Asks: 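My structure is below; once you've seen it, I'll send some questions.
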Amino acid sequence: EKIEGVIIKTNLPVILLKGIVLLPYNEIRLEFDNEISNNIIELSELFHNNRIMLVYDNSNSNDLPMFGVISKIIKKVELPNGKTRIVIKGEKRAKVLEYLNKDKTDEVLESIVEEIEDINLDVEEEKVIIKKLLKELDSAIKDIPYLSNSSINLIKSSNDLSMVTDVIASSLPISLKRVEEYLYECNSTKRASMIVSDTEKERKIVNL
């Protein structure tokens, strides 16, 4: 929620992700078959306009990550096998200020979060960076046969560098650890440089 451009704290239920990282502007499908998970979905629907906090938890410790993505449930399907399938779309990077019910395993994990804003760029500067980035990727697709251009085609008309970098990063053939690095990088200009670096590495591997 924003008041006159100022980001304020908001409370959201939490889903902890294992083995998958969701970047903003991208979608994932999840299936649930237990009461706690269904309670999370219901809480999101009833009180949070279908929004939820997704946190990638790659540790075995009790210390939960203080960073994630504010996301929205855009589709829910009750399956014949009793499971619930939801489609979630990432919206904004966010900082977790506090976890609620962290030590109560029979209750929904909730969080107090705050959006993280990207660094504002000059409109023309943003257009130039996007143009250079897409030119680099068009060239890379010709050299890297397994690099998909389906996502890239969707953002060719966009002037939002933050969205462009997150969509492209999700389509790259990179490790889960590298996707996590994209998640934690809040500067879209730096993410653009990371994309160029990753495509160059793939080119060198293909040419060996």
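These figures come from a predicted structure and were not determined experimentally. Heavy-atom basis, side chains included; hydrogens, waters and symmetry copies ignored. Here, residue 1 is the first one in the sequence, and each next residue gets the next number.
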Asks: NZ of Lys127 to CD1 of Ile130: how many Å apart, nearest 0.5 Å?
Replies: 9.0 Å
Asks: Ignoring hydrogens and geometry, is there a side-chain-to-backbone donor-acceptor pair from Asp198 to Leu172 under 3.5 Å?
Replies: no
Asks: Given side-chain hydrogen bond (donor to acceptor under 3.5 Å, both in side chains), test Ser44 with Asn50 step by step and report yes or no.
Replies: CA-CA 5 Å; Ser44 173; Asn50 288 312; 4.8 Å; no
Asks: Does atom CD of Glu78 have more than 12 heavy-atom neighbours from other groups under 6.0 Å away?
Replies: yes
Asks: So, for Pro13 and Val108, which heavy atoms are closest and what is the spacing to 0.1 Å?
Replies: CB-CG1, 4.1 Å
Asks: To the nearest 0.5 Å, tell me how far Ile36 CD1 sits from Lys104 NZ.
Replies: 12.0 Å
Asks: Would you indicate whether Phe47, at its atom CZ, is surrounded by more than 12 heavy atoms from other residues, nucleotides or ligands within a distance under 6.0 Å?
Replies: no
Asks: Nearest 0.5 Å please: distance from the CD atom of Glu42 over to the CG atom of Asn38.
Replies: 8.5 Å
Asks: Once rounded to the nearest 0.5 Å, what's the spacing between atom OG1 of Thr84 and atom CG of Leu30?
Replies: 11.5 Å
Asks: Has the side chain of Thr165 got a donor or acceptor atom that lies under 3.5 Å from a matching backbone atom of Leu161?
Replies: yes
Asks: Does the distance from a Lys or Arg side-chain N to an Asp or Glu carboxylate O, for Asp33 and Arg85, drop under 4.0 Å?
Replies: no
Asks: Could you check whether any side-chain N or O of Thr189 sits under 3.5 Å from a backbone N or O of Asn187, counting only pairs where one atom can act as donor and the other as acceptor?
Replies: no
Asks: Using every non-hydrogen atom in the two residues, find where Val96 and Pro65 come nearest and quote the distance to one decimal.
Replies: CG2-O, 4.2 Å
Asks: Applying salt bridge (charged side-chain N to carboxylate O under 4.0 Å, His left out) to Arg93 and Glu117, what does each step give before you reach the verdict?
Replies: CA-CA 8 Å; Arg93 286 171 174 79; Glu117 287 291 293; over 6 Å; no
Asks: Give, for atom CG of Asp63 and atom NZ of Lys102, the distance between the pair rounded to the nearest 0.5 Å.
Replies: 5.5 Å
Asks: Would you say Ser170's side chain and Val167's backbone share a donor-acceptor pair under 3.5 angstrom?
Replies: no
Asks: Would you confirm whether Asn26, through its side chain, and Pro24, through its main-chain N or O, come within 3.5 Å as a donor-acceptor pair?
Replies: yes
Asks: Heavy atoms only: give me the nearest Glu110-Val14 pair and the separation to one decimal.
Replies: C-CG2, 3.8 Å
Asks: State plainly whether the residues Lys76 and Glu45 are in salt-bridge range, i.e. N to O under 4.0 Å.
Replies: yes
Asks: Where is the tightest heavy-atom contact between Leu133 and Ala192, given as atom of each residue plus distance?
Replies: CD1-O, 3.8 Å
Asks: Checking the side chain of Tyr182 only, and the main-chain atoms of Met194 only, is there a donor and an acceptor separated by less than 3.5 Å?
Replies: yes
Asks: Check Cys186 against Ile116 and note the closest heavy-atom contact, atom names and distance.
Replies: SG-CG2, 3.7 Å
Asks: Kindly give the heavy-atom pair with the smallest separation between Lys89 and Tyr25, and that separation in Å.
Replies: CE-O, 3.9 Å
Asks: Using the side-chain contact (heavy atoms from CB on, under 4.5 Å) rule, pick out the option among Leu183, Val113, Val55 that qualifies with Phe67.
Replies: Leu183
Asks: Verify the cluster assignment for Leu17 and Val179: are they in a single hydrophobic cluster under the rule of side-chain heavy atoms below 4.5 Å apart?
Replies: no
Asks: Checking Thr199 side chain against Val196 main chain: does a donor-acceptor pair fall under 3.5 Å?
Replies: yes
Asks: I need the Glu91 CD to Leu54 CG distance, nearest 0.5 Å.
Replies: 10.5 Å
Asks: Checking salt bridge (charged side-chain N to carboxylate O under 4.0 Å, His left out) for the pair Arg191/Asp118: CA distance, chi angles, key distance, verdict?
Replies: CA-CA 11 Å; Arg191 292 199 300 274; Asp118 203 340; 3.8 Å; yes
Asks: Whether the side chain of Asp57 engages the backbone of Lys18 through a donor-acceptor N/O pair (distance < 3.5 Å, no angle test) should be reported.
Replies: no
Asks: Does the side chain of Ser139 come under 3.5 Å of the side chain of Arg203 through a donor N or O and an acceptor N or O?
Replies: yes
